[in-house]
Amino acid sequence: MPKEPARTAHWLLKSEPSTFSFDDLWRAKGRTTGWNGVRNYQARNFLRDMRVGDGVLYYHSGDEPGVAGIAQIAAVAYPDPTQFDPQDDGYDAASTRDEPRWYQVDVRAVEKLPRLVPLAELRADRALAGMELLRRGSRLSVQPVLVAHWDRVRALAQAR
DNA sequence: GCCAACGTTGGC
DNA sequence: GCCAACGTTGGC
């Protein structure tokens, strides 16, 4: 069997900072948390494509939308336990432990950016044209990011 | 299988 | 508060 080609993937994860901000992740035990609660099939499928070490742009939605920090995938997908908890918002009565419907990964904070890179600035940057995040009405909370866009966002964070 | 109604996300 | 863009639900 041929060896798998070297693979570096990059992603963007959205979070409402009032729910769980990048600083919350930074302060978490091991700077790591389980990314649970995803209940969208497309997003779920991306979660299952993730590998340990993949890069993550940590995006804040809400009042001050923008990229807040850099994280990485710390564990590949495993069943999201909240789907089995009737008290949880993400409870899914149709999901079974034998065939779980929803997955999560572990995410670890790796780098505080010198500043939050505002969404408006991303939109204004021609090098980022075509980024999923910038599509009108884009709501997907888990998105793949092209390496060129990854590099560009990180460069913008260092600018000014 | 179609589609209308409804709910949610999230920017502005 | 408004609205665009979906995803889901349920009737038929």
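Chain identifiers are assigned alphabetically (A, B, ...) following the order of the sequence lines, protein sequences preceding nucleic acid strands; residue numbering begins at 1 within each chain. Scope of the values below: all heavy atoms of this structure, side chains included, with no hydrogens, waters or symmetry mates.
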Here the distance between atom P of dT8(B) and atom CG of Asn40(A), to the nearest Å, is 15 Å
To the nearest angstrom, the CD-C1' distance between Gln42(A) and dG7(C) comes to 11 Å
Sugar-phosphate only, base, or nothing, as touched by Leu119(A) at under 4.0 Å among non-hydrogen atoms
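Sugar-phosphate, no base atom in range.
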_Euclidean distance, atom NE2 of residue His60(A) to atom C1' of dG10(B) [Å, nearest integer]_ =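 The answer, rounded to whole Å, is 15 Å.
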Whole-Å distance, Tyr41(A) OH to dC6(C) P, equals 19 Å
To the nearest angstrom, the CD-C1' distance between Gln143(A) and dA5(C) comes to 14 Å
TODO: Please work out which of the three classes, parallel, tilted or perpendicular, describes the rings of Tyr58(A) and Phe22(A), given edges at 30° and 60°.
DONE: perpendicular
(Q) What I want to check is whether the side chains of Asp24(A) and Ser21(A) have a donor and an acceptor closer together than 3.5 Å. (A) yes
(message) Donor-acceptor check, side chain of Asp80(A) to backbone of Gln104(A), threshold 3.5 angstrom: yes or no?
(response)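 Judged by distance alone, no pair lies under 3.5 Å.
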- Message: Check this one for me: any side-chain N or O of Lys14(A) less than 4.0 Å away from OP1 or OP2 of dG10(B)?
- Response: yes
* For the atom pair OH (Tyr103(A)) and CG (Asn45(A)), what is the distance rounded to the nearest 0.5 Å? ->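 Answer rounded to 0.5 Å: 11.0 Å.
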OP1 or OP2 of dT8(C) under 4.0 Å from side-chain N/O of Arg39(A)
no
Arg139(A) atom CZ is separated from dA5(C) atom P, nearest whole Å, by 11 Å
Is the phosphate of dG11(B), meaning OP1 or OP2, less than 4.0 Å from a side-chain N or O of Tyr59(A)? yes
From CD of Glu132(A) across to P of dC6(C) the rounded distance in Å is 9 Å
Rounded to whole Å, CH2 of Trp102(A) lies from C1' of dG7(C) at a distance of 10 Å
Worksheet item: Closest to the Arg136(A) side chain: dA4(C), dC6(C), dG11(B)?
Response: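 It is dA4(C).
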